[in-house]
Amino acid sequence: MAAPRQIPFGKPIIGDEEKQAVLEVLGGPILVHGPKAAEFEKAWSAFTKSPFSITMANCTAALHLVYYYLGIKAGDEVIVPAQTHTATAHAVELMQGRPVFVDAEPRTGNIDIDQIERAITPNTRAISLVHYLGMPVDMVRINAIARKHGLKVVEDCALAIGTYLDGVHAGLHGDFGCFSFYPVKHMTTAEGGMITTKDETAAAQLTRQKAFCVDRHMGERKIPGVYDVTGVGFNYRMNEIEAALGIVQLKRIPGFLRARKENYSVIERALRQLPEIELLESTNGRFESSHYCLSAILKKPYAEKRFEIVAELNAAGVGTSVYYPKAVPHLKFYREKYGYSENSFPEAARISNQSIALSVGPHLNAEDMTYMAEAFKQALAKVR
Ligand SMILES: *Cc1c(COP(=O)(O)O)cnc(C)c1O
C-alpha cells in the first residue's frame, strides 16, 4: 500500500488572515477587554441573530456563569443529558447543584425528551441539553415542558455552531446558549466561548459577573482605574488575541459548514449500508445537523473489537475520537457520588461504549472521506 494519508481527527484551519489579526493585537496596547471582543460579539450576534452575545473564556465558564447568574444553589436540581461532555454536568456541580441525568434517545443521541418530565421534582430549576454532534434537539417540546414547570432552559451549543431549528440558530430557543471555540469544534479561538441570550437584563448582569462585577467597564471610567464593585464575579473574559482569531474564523464559518456537510454526505453514503454499524440520524426532514462528526456505532459483536478497529484505522493514518468516552453518570466522580450502576442510562452508554467518531472537518476533502471509508471497511474486515 502507498504511504498512508494523514487524516487527523481535528486540525484547526489557521490562515494568514488569522495570523495577521493576532499580530495586530500583539503590536497594540490592548490585550484584554478591548475593541476586538466587542467586534466579535457584534459579529456573533449578526451570525446567529442573537440580540445579545457575550464573549467568554470557554464554554465551561459560560455554563458556570449562567448557573451563577440563575443562583443555582445546594439542593437545586438541573436536568442534564447523560450523553454529553462532562462540562455540562460540572457546571451544575460547581454551584453545589445536582445534575439529574436523563438518558439519550437512540436515533440521535440527544436527550430523550419523553423521559424528562419524570426526572423533574419540586427542586428542579432548569433543563440543560446538548445538540449532540450538531443535531438539533426539539426545542419546541423542551420549551413546552419548561414553561409547564417554570424552569429555565440552558442550551449547551458546544457542537452546535451552524445548527438551526425552524430557521432559528441553536442557543436562541431556550433562555441561554453556551458555545465553545475549543480547537476541534466547528471554529476556534484556541480557548474561547460565547453566551447568547434574548434577555437584556441578564446580558448586562452576565457581562458584569464575568469580570469581577465591577460597576463600569473601561470605556465608562471617568478616571482610569477607578471603579466600584457591586457583587462577586469571576474573571471569565475572552482576551483580544482570541477575539481577533474568532472574528476571522467566523467569516470562514459558511465555508467550514459547507465542507462538513459535503464530507459527511460522502462518508455517510459509503458507510450507511454496512451491516456491522449503525449511524445516528443527521436529518429528520424538519431539521438538520451541522455535522460535527460521523459517529459509527458498532453493533455486537463488533463493539468488543472497537479498539482493534481504532488501531487499524490509526495504522492507516486515520485519526478517530469518541463522543463522549463515557456516559457522564458513569464517570468515576458521578458514579461514586450518586451511586449510578453501569446498567443505568443504557442508550447513552451504548453510544459511548460502542462508537467510533470519524472526522468530517473542513481540513478534509472528498478524497480523504473516500479513503477513510475504505480504511474503515478494511478495518472491519480484519477483525471479522
Ligand atoms: C467541548 C464541550 C464543552 C467544553 O467546552 P470548552 O470550551 O472546552 O469549555 C462543553 N460541552 C460540550 C457538549 C462540549 O462538547
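Note that this is a predicted model, so its numbers are computed, not measured. Counting starts at 1 for both ligands and their atoms, following the listed order. What you see below is based on every heavy atom in this structure, not just the backbone, and it leaves out hydrogens, waters and symmetry mates.
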[Y] backbone acceptor or donor facing [X] side chain under 3.5 Å:
X: Asp76; Y: Gly97; result: no
X: Ser128; Y: Ile79; result: yes
X: Asn263; Y: Arg260; result: no
X: Thr196; Y: Ser53; result: no

What does the contact table look like for ligand 1 (nitrogen or oxygen on each side, cut-off under 3.5 Å)?
| residue | atom | partner | partner atom | Å |
| --- | --- | --- | --- | --- |
| ligand 1 | 5 (O) | Ser180 | OG | 3.4 |
| ligand 1 | 7 (O) | Cys59 | N | 2.9 |
| ligand 1 | 7 (O) | Ser180 | OG | 2.7 |
| ligand 1 | 9 (O) | Cys59 | N | 3.3 |
| ligand 1 | 9 (O) | Thr60 | N | 2.9 |
| ligand 1 | 9 (O) | Thr60 | OG1 | 2.6 |
| ligand 1 | 11 (N) | Asp156 | OD1 | 3.3 |
| ligand 1 | 11 (N) | Asp156 | OD2 | 2.7 |
| ligand 1 | 15 (O) | Lys185 | NZ | 2.9 |
| ligand 1 | 15 (O) | Tyr324 | OH | 2.5 |

Is it true that His186 and Ser180 share a donor-acceptor pair across their side chains at a distance under 3.5 Å? no
As a quick check of understanding, evaluate side-chain contact (heavy atoms from CB on, under 4.5 Å) for Leu364 and Ile7, giving each step before the final call. CA-CA 8 Å; Leu364 305 175; Ile7 302 187; 3.5 Å; yes
